[in-house]
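Labels below follow one simple rule: chain letters A, B, ... track the order of the sequence lines, proteins then strands, and each chain is numbered from 1.
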Protein chains: 2
Amino acid sequence: MTKHSNDLDTLFSALSDPTRRAILTRLARGPATLSDLHTPHDMALPSLMAHVKKLETAGLISTEKQGRIRTCRLTPGAFTPVQSWLEEQRSLWTSRLDRFDAYVTQLAQPNQEQTDDPRSKD
Amino acid sequence: MTKHSNDLDTLFSALSDPTRRAILTRLARGPATLSDLHTPHDMALPSLMAHVKKLETAGLISTEKQGRIRTCRLTPGAFTPVQSWLEEQRSLWTSRLDRFDAYVTQLAQPNQEQTDDPRSKD
DNA sequence: TGAATGCTTAGTCATACGACTAAGTATTCG
DNA sequence: CGAATACTTAGTCGTATGACTAAGCATTCA
């Protein structure tokens, strides 16, 4: 069993390395072979290969071998789960702010009934 | 020296663990003490503490101690570098698609001069 | 004051990660 | 065919991560 069971685990983990992010940035401009990807990095080829494999496992890129050459390309829409998670967090955060705002507004108008501080809700 | 020198390294790495993402989700609803954060997780308190510390190091949360109680809260805008990076990638990708589109359009109109396939550019 | 509470530190351990070298395999070129 | 090319596999090594237990240290409450 690998360490990361979850999609997001694997994605965020794959993105947490600068070499891998550089590879993605390169591939955003177009497909490339392993050697192409290797050239700018001061690192042995097997080490770079391991990064490429991690990106592929995370579903961020796909690779295809023709003859002795392996070509790598970005997977369209691979960032979607990441962006969705971020969006969900943002949504939770703003709805909290809304509730807090309503609470403060209510405090400022003591004529009306008050509910509990919404911040303490589970 | 820690392993992650870069902001993005630390951020993505902090986000790559489900316990830590759960903590963030909890804090999106409002501040909480360490014990609060601990309760739902079947894990020793020091282990949870380590996660909280990692989130704090990444700048995703801040903590403050009053008496014997440590309160944790989300750092507003902490996701910005992550979202900017994603946005930059998207931008590279779409500009590549635009260039490719222009190339295809040109192929379909052989009357006009053709440039090289933009995909092969460095 | 003495005990309970809430966190903190210290130390251990297993596994994962990321780099390397060396050697192997499969294409392609001369 | 034989050599160069482009990856691939295997094996090693040091460090990082993430979990645990046990013990320590303030604060607060009775």
> For the pair made of CG in B:Leu34 and P in D:dT27, what is the distance, rounded to whole Å?
Replying inline: 16 Å
> Listed by chain and number, what are the side-chain contact (heavy atoms from CB on, under 4.5 Å) partners of A:Leu86, not counting sequence neighbours?
Replying inline: A:Val82, B:Phe79, B:Val82, B:Gln83, B:Leu86
> Between atom NE2 in B:His38 and atom P in C:dT5, what is the gap in whole Å?
Replying inline: 15 Å
> NA contact type, B:Thr19, heavy-atom cut-off 4.0 Å: base, sugar-phosphate, or nothing?
Replying inline: nothing
> Whole-Å distance between D:dT17 P and A:Asp17 CG?
Replying inline: 12 Å
Compile the donor-acceptor pairs under 3.5 Å between side chains in residues 38-53 of chain B and protein atoms, sequence neighbours left out, one pair per line.
from: B:His38; atom 1: NE2; to: B:Met43; atom 2: O; distance (Å): 2.5
from: B:Thr39; atom 1: OG1; to: B:Ser35; atom 2: O; distance (Å): 2.8
from: B:His51; atom 1: ND1; to: B:Arg20; atom 2: NH1; distance (Å): 3.1

> Taking only residues at least two apart or on different chains, which pairs with a member in residues 59-77 of chain B satisfy salt bridge (Lys or Arg N to Asp or Glu O under 4.0 Å)?
Replying inline: none
>> Nearest whole Å is fine: how far is C:dA16 P from A:Phe12 CZ?
In response: 22 Å
>> Heavy atoms within less than 4.0 Å of DNA chain C: which residues of residues 65-72 of chain A have one? Give them sorted by number.
In response: A:Gly67, A:Arg68
> Do any of residues 43-53 of chain B sit with a heavy atom less than 4.0 Å from DNA chain C, and if so which?
Replying inline: B:Leu45, B:Pro46, B:Met49, B:Lys53
>> For B:Thr25, give me all partners under side-chain contact (heavy atoms from CB on, under 4.5 Å), at least two apart in sequence or on another chain.
In response: A:Trp85, A:Gln89, A:Leu92
> Listed by chain and number, what are the side-chain hydrogen bond (donor to acceptor under 3.5 Å, both in side chains) partners of B:Glu87, not counting sequence neighbours?
Replying inline: B:Arg90
> Can any side-chain N or O of A:Ser13 pair as donor or acceptor with the backbone N or O of A:Thr10 at less than 3.5 Å?
Replying inline: no
> OG1/B:Thr19 to CG/B:Leu37 distance, rounded to the nearest 0.5 angstrom?
Replying inline: 11.5 Å
>> Going by the rule side-chain hydrogen bond (donor to acceptor under 3.5 Å, both in side chains), which residues pair with A:Glu56 if we only count those two or more places apart in sequence or in a different chain?
In response: A:Thr63
